[in-house]
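Counting starts at 1 for both ligands and their atoms, in listed order. Hydrogens, waters and symmetry mates are skipped; everything else that's a heavy atom, side chains included, is used.
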Amino acid sequence: MHKKNIISIFAETNHFVIMKIQQIIFCLLTASMLASAAMAQGNRADYRVVPLPDRIDGIMSADFKLTEQCLVNYPTGNRDMERNATMLSEYIEDLSGLHLSTRPTLNEKDRAGNITLHFDPKMESDEGYRITVTARSVEICGKTAAGVFHGIQTLRKSIPVGQATAINLPAAQVVSNPRFSYRGMHLDCVRHFFPVSTVKRYIDLLALHGMNRLHWHLTDDQGWRVEIKKYPRLTEVGGWRNGTTLGHNSPVNDGIRYGGFYTQEEIRDIVRYAADRYITIIPEIDMPGHMVAAMTAYPELGCTGGPYEVWTLWGVTDDILCVGKDHTLQFVKDVLDEVIQLFPSEYIHIGGDESPRVRWQECPLCQQRIRDLGLKANDKQSAEALLQGWFTTQVQQYLTEHGRRIIGWDELLGCDVNTSATIMSWRGAEPGAEGANLGHDVIMTPVGPLYFDYYQTSKTWNEPMAFGGCNTLKKVYDFEPVAADLPADKRSHIIGVQANVWTEYITCEPQIQYQVLPRMAALAEVQWLPSEQKDYQDFKARLPRLAEIYKHYGWTYRAKSLVHEEDEDQPNQ
Ligand code: ACM
Ligand code: ZN
């Protein structure tokens, strides 16, 4: 009895202990399953990035597990794809800590368990991409290495930011083709000068957002920023100004000598850095206006002969190049000779904006040129406007002989330049529509809403000083570059969209980033998505994940734009 009792007590205790152990194991298992489910969720890629791909079609397959065992394959012997593979590996390591090696291979069998970059000549557009993910492999393909690069950016943006030992990539086919072939950002490095490192990081922003053109504003009244060997005074003298006005053209000058320029070696380095990211740099040498820095260095370039002073104010000055002198034309050609050596871009931007003609009206040489050319004022154009057209055509012909094409600001529409000039529409979208109707190719960069030096809110009191206006994130997102009433046969003349960043009031890199982020994200969807696919609320829901990447790289951005909807009660300009 005693013995039996002891046994039974022991058995009961044993049973109790076993039950407890079972309960603990159950709890542990549940907890670990929940934790790993949460982990899987937290470490699961999401292809709904910015800009949103055209299509994301699920595939019946388990997730692909991305770990350090995976390789990034690229076609043997292809330097562009090798660089693409290296960049993808670096992006993944930046964002997750996972280090993936790269490997050249043409062997299909090597795809299992790895990421493979390859070409598909049958793809729809040059810059489109297709990402195919199954449990077995990941493939990123494009017709060109640029297309593959855009696919790489999408994969990069889809993975969660944070240290990981593995990332689950859902099985899917992701396809996208950009709506516009010209997808640009502009940067003014004259009004304020930025070091090479800042320009390169700006190029990094373009790459992340799927853009392919950097319009680089290099010369203006307030400074000449590109070394020209034949005219060393352009940078020695024209690269520096005696102080800068405070605020919006106040009478107060800070009295601090300010300037800088890029050597030809630095420019080549930047051009290469951009090209590695499939971004073409289009230099702007603004003429015949916005030339006071050059005229300070070489006063004979102006109608009065000077003396001139590199401008310390903002705005538009009456002093422009004298086009009555043959010497001026020779100067322009000499400068362009060096510019085209530095920039392989087919397009060279020759400005043409804001050129008052009062000096020409008074200059005997310019008036003589008008007479020699037989230019006659008509209902719409003064003889001086036609003189700007003649000058622009001379420059255009010179660049054409050298295999290049011009872009000019929309003022050129009033000067009778021929339709092989591409027009950049900035004084609204209407000049762009007019240009397209005339047969010009057009890039849309209207002040409203695509001047990113404008405020992002009407409540400006807590904002860094900006030009003015109010170009909210939503206004950028809602911008439609092709006017509804543009005839069908003219619509293809709208080749692209770009936002401009003038830097009168932008003095440092974080301020550049603050002005452009996150508005670049909205612009990227304008540039990539068919208008019927755009959805602002959906975009806003996807934006925080992109902002995680901004944060990760330490980029400054306007976080408020992610949360608040700015009111729309302010006009654009
Ligand atoms: C411009 O903003 N003057 C093109
Ligand atoms: Zn003149």
Metal-centred angle, SG of C303 through the Zn ion (ligand 2) to SG of C366, rounded to 10 degrees: 110°

Below the 3.5 angstrom mark, is there an N/O of H290, backbone or side chain, next to an N/O of ligand 1? no

Near Y451, which atoms of ligand 1 are under 4.0 Å from a heavy atom of that residue? 1 (C), 2 (O), 4 (C)

Just jot down the ligand 1 atoms closer than 4.0 angstrom to any heavy atom of W502, in number order. 1 (C), 2 (O), 4 (C)

For Y536, does the six-membered ring have the charged nitrogen or CZ of K474 within the cation-pi criterion, i.e. under 6.0 angstrom from the centroid and within 45° of the normal? yes

I'd like to know if the side chain of Y262 pairs up with that of E227 as donor and acceptor (distance under 3.5 Å, no hydrogens or angles considered). no

If we set the cut-off at 4.0 Å for heavy atoms, which region of E354 has an atom near ligand 1: side chain, backbone, both, or neither? side chain

Ignoring hydrogens and angles, state whether a donor on the side chain of Y557 or S561 is under 3.5 Å from an acceptor on the partner side chain. no

Are R277 and Y273 in a cation-pi setup, meaning NZ or CZ lies under 6.0 angstrom from the ring centre and within 45 degrees of the ring axis? yes

Check this for me, if you would: do R542 and E525 make a salt bridge, where the nitrogen-to-carboxylate-oxygen distance has to be below 4.0 angstrom? yes

For D353, is at least one N or O under 3.5 Å away from an N or O on ligand 1? yes

Salt bridge check, R369 against D326: does any charged N sit closer than 4.0 Å to a carboxylate O? yes

If you round to 10 degrees, what value do you get for the angle at the Zn ion (ligand 2) between C322 atom SG and C363 atom SG? 110°

